Amino acid sequence: MSGSSISKNSTGNKHLARFSALSLSLLMAGCTTTTTSTTTTTTTTSKSSTAPGAIPSPTGAPGSDSPIQKVESVTPGAYQSVTIDGADLRKGRFAQGKTGGNLVRSIVSSNPATFNYWVAADTTSREMGALMFSGLLDIDPYTGDVVPALAESFTVDPDGVTYTTKLRKGLKWSDGHPITSADVAFTWNTLVNGGYGNSSLRDVTTIEGKSPTVTVVDELTNKFVTPKPFAPFVRQLGMVIAPKHIVEPITKKKDGRKLFNNLWSTEAKPETFITSGMFTLDSYTPSQRVVFKRAKNFYTVGPDSKPLPYLDRITFTIVPDVNTNLLKFKGKEIDITPVRCRDAGDLVPLAKDGNFKLYDFGPSQSSTFIMFNMNQRKDPKTGKPYVDPIKSVWFNDVNFRQAISHGVDRQSIIANYFKGLGDPSFSAQVATSPFFNSQLQPYLRDVTVAKELLKKSGFIWDKDGNLIDKTGHKVEFDLLAAAGGTFADFVCTEFQKNMKELGIKVNFAQVNFNLLAGKINSSLDWQAAFFSLSGGDPLEPNDSANVYKSDSRLHLFDQRLPDTNEKTVVTDARPWEKQIDKLMDQGASTLDKTERKKIYDQVQQILYDQMPFIYLVSPRTIVGVRNTIHNFQPTPISQPASGLHNLEEIWVQ
């Protein structure tokens, strides 16, 4: 409910792409293609063939002994409330568990960048921040509906712009200070609307550039008023809330923004965290582990009316690479982990002795792509262009980008890396979403089409087969990817080979994830990148506004930097960027679902035509789970959390 975030893509599976239906067959398509300078129209005929090394079909019903469980939604019913010692608390929905224990998870290759939820831009940091802070509302992972969390109730007025929330009575921060409507108003008016930390949070809560106004009605009640009807807003009310009595004194200081960015950093002492979530930081040892312990005063209790969570601790083991992660899971050192599709078949015969099952969540909800730095501006500090002007001409040429896309062998990636458990992808919207544009046609790699597109923009080939632009420059660029995973190495090495057939030299290098993210988001000194974004709410397309809108904080292919007040002023948006900006605002303010679908179809079509993101493949999401984990009842919607949507009610034996 807070927009897309940068994925470290550590497993080549969990944080990949959001696309098509569950299938064990490998798409083998032949196609007839016609193109123009700005669009690609493809007719596809497909047939299926079983991929070698593919895992058996996940026919095991939930709770069966099958080593592969297909994830389905079987709702445990609605939440109930209970009053205990004057506090109105939410009652859990699952069977009584046992208190105690430590759930061991993993982080591959990178340390968290921060523990401050509002500052976090990457998936790992955002997830850890969310363990410690709660929001007014939740999304029920069984139904997709909005349900109360910190809030006891919420209403939407007939005018479509006024929302009223009422907090549960008697809630407290971990330091015993009451959670009140003042905390809610401060979080929205200062942190979110003010663009503190990661301004992506503001990007997904504004309509036509305007933020909602939030007022205090009484100690427990807030009124939110959006500038106009804003269809996604009720889901955005799940934004986590900050403790005003702790944070406001910091933001009021002269250098408040900088101080806030350093609040609850990775160097912060655990005792300084004042939280409302189910866990709080216990310890952090860089490159080794992050440990969270049960927090005080969480707003949910179990069937026996005793405080949740059941777990004493959650430990994230930091491992250097995905192969080490797999070995640790096999060795029973990790309880739950995303599993690469390529490893799933090898794990099946080990499931009984290893005391685990594999859960198949279907197609990934995240996206993986190659993109070019299309920035055409100069660095104000040096007066020099961020991107070499010669290369910038290529990167800003739609024929060039389309040619690159036609040159990528997606089927090879699916067959050889994912063992057939995936599909080519050409959009960031998963095909199982009600907002997916089914008119977008996939196509096979076609070097002939790619070369014709390059010729249209004046490219030629020299006697040695090197691609030369119309000013006589050899086409060569640098491609960066995050280190630590085998997927990036495989894909980018294949990409190098594919591009060589087009006469293009690609210089591939892997760098630390945080360094790569810094280049793309801040220093802007990069040429091409292999990158991933984890999706926000899979049922709300406006959660991608922080990526698609030209002034957003994750407009990665042409990142405009914000000013000192975290406001981004765009003066050089391309016509199609302006069109997307307009459509995203229009989609957010349209309440009719059918009309919204038409609008977001147009957004997907523009992105498909212009290809600022060259989407690659959509694997299935497989998660390995030890049978010692109880109350584990995953749903397709809970895929980004590896099925741990009810973490407070998870217990280990």
Side-chain angles (χ1 to χ4, degrees), residues 1-5 73-82 87-94 117-118 120 123 126-156 163-169 171 173 179 181 183-184 187-188 192 201 204-205 220 222 224 231-242 275-279 295 297-302 307-311 314 365 534-540 542-543 631-650:
M1 290 187 287
S2 53
S4 299
S5 58
S73 291
V74 181
T75 179
Y79 282 109
Q80 303 296 323
S81 294
V82 59
D88 295 333
L89 305 175
R90 188 170 78 174
K91 200 166 189 175
R93 300 188 286 182
F94 295 88
Y117 176 91
W118 296 270
T123 304
R126 179 71 62 81
E127 180 181 5
M128 291 186 173
L131 286 175
M132 297 187 284
F133 295 93
S134 302
L136 294 171
L137 307 178
D138 278 340
I139 299 297
D140 188 323
Y142 295 94
T143 65
D145 295 334
V146 178
V147 295
L150 288 179
E152 168 194 276
S153 62
F154 68 95
T155 60
V156 184
Y163 302 75
T164 303
T165 61
K166 184 178 181 181
L167 285 163
R168 297 176 185 274
K169 184 171 59 177
L171 298 185
W173 294 99
I179 299 177
S181 56
D183 296 309
V184 176
T187 300
W188 279 86
V192 179
L201 301 180
V204 297
T205 58
L220 299 178
N222 291 96
F224 296 76
F233 190 68
V234 69
R235 303 174 83 83
Q236 298 301 341
L237 288 174
M239 193 82 68
V240 302
I241 302 305
T275 62
S276 62
M278 64 189 84
F279 293 94
N297 301 328
F298 187 52
Y299 66 90
T300 303
V301 297
L308 293 176
Y310 292 122
L311 293 168
I314 296 180
Q365 294 173 3
S534 97
D537 184 344
L539 301 179
E540 178 44 67
N542 190 67
D543 252 25
N631 281 346
F632 183 75
Q633 295 188 25
T635 77
I637 295 176
S638 67
Q639 178 192 127
S642 294
L644 294 172
H645 58 88
N646 61 328
L647 185 57
E648 68 274 21
E649 296 187 76
I650 293 290

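From a predicted model like this one, the values you see are computed outputs, not experimental measurements. Quick note: numbers below take in every heavy atom, side chains included, and nothing from hydrogens, waters or symmetry partners. We number each residue from 1, following the sequence as shown.
Looking at every heavy atom in both residues, T165 comes nearest to L237 through CG2-CD1, 4.2 Å. Contact detail for L167 and I179: the closest heavy-atom pair is CD1-O, 3.9 Å. Between S134 and G277, the shortest heavy-atom contact is OG-CA, 3.6 Å. In terms of heavy-atom proximity, H645 sits nearest to P141 at ND1-CG, 3.3 Å. W173 approaches I241 most closely through the heavy-atom pair CH2-O, 3.2 Å. When every heavy atom of L89 is checked against every heavy atom of L171, the shortest pair comes out as CD2-CD2, 3.9 Å.
Using a 4.5 Å heavy-atom threshold, the side chains of S73 and T635 count as touching. A 4.5 Å side-chain heavy-atom check between L137 and V147 finds every atom pair outside the cut-off. The side-chain heavy atoms of V146 and I139, taken from C-beta on, include a pair separated by under 4.5 Å. T205 places a side-chain heavy atom less than 4.5 Å from the side chain of V192. By the 4.5 Å heavy-atom criterion applied to side chains, K166 and F154 are not counted as neighbours. In this structure the side chain of T155 never reaches within 4.5 angstrom of the side chain of Y163, judged on heavy atoms. Residues N542 and R235 fail the side-chain proximity criterion, which asks for heavy atoms closer than 4.5 Å. Here the side chains of L311 and L647 are in contact, with some heavy-atom distance below 4.5 Å.
With sequence neighbours left out, N297 forms a side-chain contact (heavy atoms from CB on, under 4.5 Å) with K172. Among residues two or more places apart in sequence or in another chain, the salt bridge (charged side-chain N to carboxylate O under 4.0 Å, His left out) test is passed with D140 by R93. Residues forming a side-chain contact (heavy atoms from CB on, under 4.5 Å) with V240 (at least two apart in sequence, or on another chain): Y117, W118, F133. Scanning for side-chain contact (heavy atoms from CB on, under 4.5 Å) contacts around S181 gives V216, N222, with sequence neighbours left out. Every residue two or more places apart in sequence or in another chain that forms a side-chain contact (heavy atoms from CB on, under 4.5 Å) with E648 is listed here: Y79, R90, M278, F298, T300, L308, P309.
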### Query
Between L644 and F632, does a side-chain contact (heavy atoms from CB on, under 4.5 Å) hold up when you go through it step by step?
CA-CA 7 Å; L644 294 172; F632 183 75; 4.0 Å; yes
### Message
Before you tell me yes or no, could you show the steps for M239 and L201 under side-chain contact (heavy atoms from CB on, under 4.5 Å), namely the whole-Å CA-CA distance, both residues' side-chain angles and the distance that decides it to 0.1 Å?
### Response
CA-CA 8 Å; M239 193 82 68; L201 301 180; 3.9 Å; yes
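By the 30° and 60° cut-offs, the orientation of the rings of F94 relative to Y142 is tilted.
Taking OH of Y299 as the reference point, atom CZ of R168 lies at 7.0 Å (rounded to 0.5 Å).
Side chain of D138 to main chain of G238: no donor-acceptor pair is present (N/O by atom type, distance under 3.5 Å, no hydrogens or angles). With hydrogens and angles disregarded, no donor-acceptor distance shorter than 3.5 Å links the side chain of S638 to the backbone of P634.
If you check the side chains of Q236 and D543, you find a donor sitting under 3.5 Å from an acceptor.
For the salt bridge (charged side-chain N to carboxylate O under 4.0 Å, His left out) condition, no pair includes a residue of residues 634-646, sequence neighbours left out.
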